[in-house]
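One structure is given here, and the rest of the page talks about it.
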Amino acid sequence: MPMRDSEAALVASIVAGDPDGLAEAYDRYAGPLYKYCRSMLVDPGDAADAVQDTFVLAASRLAGLRDPERLRAWLYAVARNEALRMQRARRTTSVLDEPPDVVDESADVGGDAERAELRALLAGAVEGLNPAEREAVELQLQQGLDAAEVAAVLGVSRNHAHALLSRARGQLAACLGVLLVGRTGRDECEELAAMLAGWDGRLTAALRKRVNRHIGHCPTCAARRSFELRPAMLLGLSPAAALAAAAADSLRLEAGPPAELKAHTLALAAGHSPAALAHQAAVLGRAGAFGRYGFPEPVHPAAAAPLRHAGGKGAIRSSRRLQAAVAAGVVAAAAVAAIAFALTGNTGQAKLADVKPPGTGPAAQASAQATVPAAS
């Protein structure tokens, strides 16, 4: 069955309340969605929460999707909104203030040092993009969405998405050239050496623009860029193909969601217990409006919370309780306890946690304060 037909059938199954349909959608999309949310969020627990609530909304709001063949784009649009809300809830802690991720090179399947270096180059080049370009690259190059899907996820026209993607790909290629020239060409150009004095090797959008302008009028640095970007230096690939290969490798090696998340997500999304109903109400209450074609109105990124590129990260970082349910009171109920999960160690393995009061994490608390009315 073609993917498009199977997506329509999947939507029909979910709208009909068939738990097998929701489970099949989870199996197909939860892994990529989790990796996408990890590209936006520092904490793996937050990424798991975003995926969980994406499927909670799918169980309740997919009936409004005008074109069921756009299920994948719809799920990414919902997941993006959920992740951006968590970014806002944590806006007082910038991604840049967090300790850097530890790359586990042992996770490099096959131990191919050249491919690992190419992934590192991609991650470094992405840092030189502005947030909008970075998100476009993440959605198309890393997640494999086409231009129409990117437009739907971002809530923009197809022409706008095409223009954004074209600019992002061009800037990414420029970033790659700047990064390679900056690392290898300083001994050949005094002006470049002065420009990069004290450089820590990380690329920013401002530095990209400055160095790229210099390369444009410096024959020495332009020749160095051509040399570094030749296919022989990029695993025999063109720069565009090399970046695509690195992105595919990075996505493959990125840690997936905890195994226990599936059962709990499905129980919350389709359950009828007081805890499940309360969580569904809380998620629906903060989801915002959905447009006439059934897609959610996009949440705009907070200016103080730039996206973090997650490519090539081999291990989930330090432990944090994985919030599994956020519940306000239901009719005639003063409070509802919910099941939570815990992530322990750096192995990415999850286990059941003690029963905790819902909404105890900082993101959940901030979200609840913003969306749940005070008791009268």
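Between the CG atom of L122 and the CG atom of D249 there is a distance of 10.0 Å, given to the nearest 0.5 Å. Taking CD from E138 and CG from L129, the interatomic distance works out to 11.5 Å, rounded to the nearest 0.5 Å. One finds the CG atom of D46 at 10.0 Å from the CD atom of Q87 (value rounded to the nearest 0.5 Å). With rounding to the nearest 0.5 Å, the separation of CG in D43 from CG in D49 is 8.5 Å. The line from CG of L121 to CZ of R119 is 11.0 Å long, rounded to the nearest 0.5 Å. Here L84 contributes atom CG and E135 contributes atom CD; the two are 6.5 Å apart, rounded to the nearest 0.5 Å.
The shortest non-hydrogen separation linking L284 to S60 is CD2-CB, 3.8 Å. In terms of heavy atoms, F295 sits closest to A77 at CD2-CB, 4.0 Å. Between H162 and A147 the shortest heavy-atom distance is CE1-CB, 3.4 Å. The nearest pair of heavy atoms linking A50 to M86 is N-CE, 3.7 Å. Considering every non-hydrogen atom in both I14 and L22, the closest pair reads CG1-N, 3.7 Å. Residues L118 and A242 share a closest heavy-atom pair of CD2-O, 3.5 Å.
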| side chain to side chain contact (heavy atoms under 4.5 Å, CB included) assessment of Q142 paired with S250 | CA-CA 8 Å; Q142 190 98 320; S250 295; 4.0 Å; yes
| message | One pair to check against side chain to side chain contact (heavy atoms under 4.5 Å, CB included): L172 and V126. What are the steps and the verdict? | response | CA-CA 6 Å; L172 184 60; V126 167; 3.9 Å; yes
| said: Please determine whether side chain to side chain contact (heavy atoms under 4.5 Å, CB included) holds for the pair L154 and H160, giving the CA-CA distance in whole Å, both sets of side-chain angles, and the decisive distance to 0.1 Å. | reply: CA-CA 10 Å; L154 300 181; H160 185 129; over 6 Å; no
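Under the 3.5 Å distance criterion, the side-chain polar atoms of W74 are left unmatched by any main-chain donor or acceptor of L62. The closest donor-acceptor contact from the side chain of R38 to the backbone of V42 lies under 3.5 Å. Between the N81 side chain and the V299 main chain, a donor and an acceptor come within less than 3.5 Å of each other. No donor-acceptor distance shorter than 3.5 angstrom exists from the side chain of R28 to the backbone of A25, with no hydrogens or angles considered. Checked by atom type and distance alone, the side chain of R66 pairs as donor or acceptor with a backbone atom of R292 at under 3.5 Å. Side-chain N or O atoms of R210 include none that pairs as donor or acceptor with a backbone N or O of M195 at under 3.5 Å. Checked by atom type and distance alone, the side chain of Q52 never pairs as donor or acceptor with a backbone atom of H264 at under 3.5 Å. Not one N or O on the side chain of R158 forms a donor-acceptor pair closer than 3.5 Å with the backbone of A148. Side chain of R208 to main chain of G128: a donor-acceptor pair is present (N/O by atom type, distance under 3.5 Å, no hydrogens or angles).
Taking E297 as the reference, nothing meets the side chain to side chain donor-acceptor pair (under 3.5 Å) condition, with sequence neighbours excluded. Listed by chain and residue number, D18 satisfy the side chain to side chain donor-acceptor pair (under 3.5 Å) test with S13 (two or more places apart in sequence, or in another chain). A search for side chain to side chain donor-acceptor pair (under 3.5 Å) contacts involving D27 returns K262, not counting sequence neighbours. Under the side chain to side chain contact (heavy atoms under 4.5 Å, CB included) criterion, S166 pairs with R169, sequence neighbours left out.
In the displayed structure, H272 atom NE2 is contacted under 6.0 Å by at most 12 heavy atoms of other residues, nucleotides or ligands. In E117, the CD atom is not crowded: 12 or fewer heavy atoms of neighbouring residues, nucleotides or ligands sit closer than 6.0 Å.
Taking 4.5 Å as the limit, some side-chain heavy atom of H300 sits within range of a side-chain heavy atom of R88. Side-chain atoms of R80 and M40, non-hydrogen and from C-beta on, do get closer than 4.5 Å to each other. Taking 4.5 Å as the limit, some side-chain heavy atom of L196 sits within range of a side-chain heavy atom of L207. Counting heavy atoms from C-beta on, the side chains of H214 and L192 come closer than 4.5 Å. The shortest distance between side-chain heavy atoms of L145 and V153 falls below 4.5 Å. Two residues are said to be in side-chain contact when any heavy atoms from C-beta on lie closer than 4.5 Å; R186 and R224 fail this criterion. Residues D146 and Q140 are not in side-chain contact: their nearest non-hydrogen atoms beyond the backbone lie 4.5 Å or more apart. L203 has its side chain out of reach of V211: every pair of non-hydrogen atoms, C-beta onward, lies at least 4.5 Å apart.
Using a 4.0 Å cut-off between charged nitrogen and carboxylate oxygen, E149 and R70 do not count as a salt-bridge pair. The pair R202-E127 meets the salt-bridge criterion, since a charged nitrogen lies less than 4.0 angstrom from a carboxylate oxygen.
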Could you give the side-chain donor-acceptor pairs of residues 177-184 under 3.5 Å, partners two or more places apart or in another chain?
{"from": "T184", "atom 1": "OG1", "to": "L180", "atom 2": "O", "distance (Å)": "2.7"}
{"from": "T184", "atom 1": "OG1", "to": "E228", "atom 2": "OE2", "distance (Å)": "3.2"}

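For the residue pair E7 / Y29, a side-chain donor-acceptor distance below 3.5 Å is found, with atom types taken as modelled. Under 3.5 Å, the side chains of N130 and E133 contain a donor-acceptor pair of N or O atoms.
Note on residues 35-58: pairs passing ring pair (Phe, Tyr, Trp, His ring centres under 6.0 Å), not counting sequence neighbours, are Y26-F55, Y36-Y76.
One hydrophobic cluster, built from ILVMFWY side chains closer than 4.5 Å, holds both L176 and W199.
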